[in-house]
Every structure is written in structure tokens, then in C-alpha cells.
Colleague: 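There's a structure below that I have some questions on.
Note: hydrogens, waters and symmetry copies are ignored here, and every other heavy atom, side chains too, is used. Only a predicted model underlies this, so the values are computations on that prediction, with no experimental measurement involved.
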Amino acid sequence: MFKHEKMLFHPVEIERANPQYAVLLQEQLGGANGEMKAAMQYISQSFRIKDPEIKDLFLDIAAEELGHMEMIAQLINLLNGHDVDAKSVPAGEIETHVLFGLNPGLVNSSGYSWTGDYVSVTGDLCADLLSNIASEQRAKVVYEYLYRQIYDKKVRETIDFLLNREEAHNAMFREAFNKVQETGSDRDFGTTKAARMYFNMSEPSPGGNVFDNKRSDHPSFS
């Protein structure tokens, strides 16, 4: 069960409207590395998790991601201003001005609709945790790119908060992975000599290769 509390995680304000930047932020609402994707991925992955502590972790982070989605939508709303005007968006999606009536849509910055294909679920906890760590890192990178392209101090405050929360989630998923890294696919596979072989396919290696003493054909390699 979910409930909606009428309070954002962090205050969302802007100094001035900026419809073009609102287009960029659509990436974190309906894009492949956005908040909607993260929330749906973690909720979907949680369905089969048997460890109650880790299951709660997935659902707690998913719930926070829904809160982040609300923050991004509010930020887009403010940046779009009050007038439908596609000419104010020289590049990127214009659906906001011609289809949605300034309502933030579940589309990315190019106008492509959000899709469940963005969501990765394997049923293997190790694989799903590694996928989530990578997802949080990618989301952090997108926020860093967004931060560099806006000079509105209030918008930057919101992005800075969200960027740091992505880092927090990354750390939580890493800690969970450390607890289970010898289970599931990590227990059943990757345990033979073949899993520890390195094939040096780069010859000659400039300055030598750090793995040169671990060539797969080395008789003592184990």
C-alpha cells in the first residue's frame, strides 16, 4: 500500500521560467535513466525478494524515487510557465506545448514515451543489485550534466539534492550487494578456473599489461 503525503522531499523553486530547460528535465521524468524507470524497476524487483530487510530497502528506495518524480514534475511545471508556446522550445520535445497543455508528460527530452522496456528484472538478487547500482550511477551522471547547463540557483539546489540522493541509493545498494554477493548466480557460477582467466588480446601492450603475469596459458594460473 502506498499513501501520498502532500509534502515534497525538498523545496522546489525557480528564479525564472525556462521552457527549454524544462525539455531537458523531461529526461529525468520519462527517460531511460529517470525517476519513473527507477521507481518501477525497484518495485518490480522487490516482488520475489525473500530477505525482508533487502525487500524493504528496494521498496523504500522505490517510494523515494516516486517522490523524486513528483519533484521533477513540479520543477518542469514551474519552468514551463503559464503560456502554451512551442516557439519557446527551439530544440527537443514540444508535446508539452501541443498535446499536454504544459502538463509534464511521461516522455523523454526528445518526446519518446516512457516504456517498460527500460525496466530490468532478472529474479537474481545479485544481478538486480548490480543493475540498480549502475542505474543510480547513470542517473547521477545525467543530473551532473543537467546541473552544468543551468545557472538558476534555485533549480541547481533541487538538482544538487537529487544528485546526492542518487549517490545515497548507490551506497545502499552496494552495501546490500556486499551482503549477498556469494549467493544466487555468484554462488552457482563463476567458481571455476575459467572464471579467473584473463585473455590478453592486445599485442603489443603499450607499457606492458597489468595482467601479463596472469595469462590464461600460464601453467601456474589458478
Colleague: Among I150, I72, N80, which one satisfies side-chain contact (heavy atoms from CB on, under 4.5 Å) with L25?
Modeller: I72
Colleague: Could you check if a side-chain atom of L106 sits within less than 4.5 angstrom of a side-chain atom of M69, using non-hydrogen atoms only?
Modeller: yes
Colleague: Are F58 and L129 packed together at the side-chain level, in the sense that at least one heavy-atom pair is separated by less than 4.5 angstrom?
Modeller: yes
Colleague: Hydrophobic cluster membership, with links at side-chain heavy-atom distances under 4.5 Å among I/L/V/M/F/W/Y: are I61 and M71 in one?
Modeller: no
Colleague: Please report the shortest heavy-atom distance between A63 and F2, naming the atom on each side.
Modeller: CB-CE2, 4.4 Å
Colleague: Inspect the surroundings of CD in E53 and state if more than 12 heavy atoms from other residues, nucleotides or ligands are less than 6.0 Å away.
Modeller: no
Colleague: Can any side-chain N or O of R156 pair as donor or acceptor with the backbone N or O of Y147 at less than 3.5 Å?
Modeller: yes
Colleague: Where the side chain of E5 meets the backbone of M7, is there a donor-acceptor pair that is under 3.5 Å apart?
Modeller: no
Colleague: Does the pair E65 and Q41 meet the rule for a side-chain contact (heavy atoms from CB on, under 4.5 Å), with working shown?
Modeller: CA-CA 10 Å; E65 300 288 14; Q41 178 159 306; over 6 Å; no
Colleague: Is L29 reachable from F100 through a run of I, L, V, M, F, W or Y residues, each pair having side-chain heavy atoms under 4.5 Å apart?
Modeller: no
Colleague: Between the side chains of K140 and E167, is the shortest nitrogen-to-carboxylate-oxygen separation below 4.0 Å, so that they form an ion pair?
Modeller: yes
Colleague: Is it true that a side-chain atom of H97 and a backbone atom of D85 form a donor plus acceptor pair closer than 3.5 Å?
Modeller: yes
Colleague: Could you see if Y21 belongs to whatever hydrophobic cluster contains V23? Use Ile, Leu, Val, Met, Phe, Trp, Tyr and a side-chain cutoff under 4.5 Å.
Modeller: no
Colleague: Mind telling me whether H68 and H169 have parallel, tilted or perpendicular rings, with 30° and 60° as the class edges?
Modeller: parallel
Colleague: Following the transitive rule for hydrophobic clusters with a side-chain heavy-atom cut-off under 4.5 Å over Ile, Leu, Val, Met, Phe, Trp and Tyr, establish whether M36 and Y118 coincide in one cluster.
Modeller: yes
Colleague: Can I76 and Q26 be said to form a side-chain contact (heavy atoms from CB on, under 4.5 Å), step by step?
Modeller: CA-CA 7 Å; I76 291 171; Q26 282 288 156; 3.6 Å; yes
Colleague: Taking the side chain from E136 and the backbone from A171, do they hold a donor-acceptor pair closer than 3.5 Å?
Modeller: no
Colleague: May I ask you to check whether over 12 heavy atoms, not counting those of F9, lie within 6.0 Å of atom CZ?
Modeller: yes
Colleague: If only atom types and distance count, is the side chain of S135 paired as donor or acceptor with the main-chain N or O of S131 below 3.5 Å?
Modeller: yes
Colleague: Shared ILVMFWY cluster between L146 and L75, side chains joined below 4.5 angstrom?
Modeller: yes
Colleague: Does a sphere of radius 6.0 Å around CD in E144 hold more than 12 heavy atoms from other residues, nucleotides or ligands, not counting ones at 6.0 Å or beyond?
Modeller: yes
Colleague: Quick test of your reading of the model: are D152 and K154 salt-bridged, counting only N-O distances below 4.0 Å?
Modeller: no
Colleague: Output yes when a side-chain donor or acceptor of S110 lies under 3.5 Å from a complementary backbone atom of Y112, and no otherwise.
Modeller: no
Colleague: Donor-acceptor check, side chain of N170 to backbone of E166, threshold 3.5 angstrom: yes or no?
Modeller: no
Colleague: Mind checking whether R165 and H10 have side chains closer than 4.5 Å, heavy atoms only?
Modeller: no
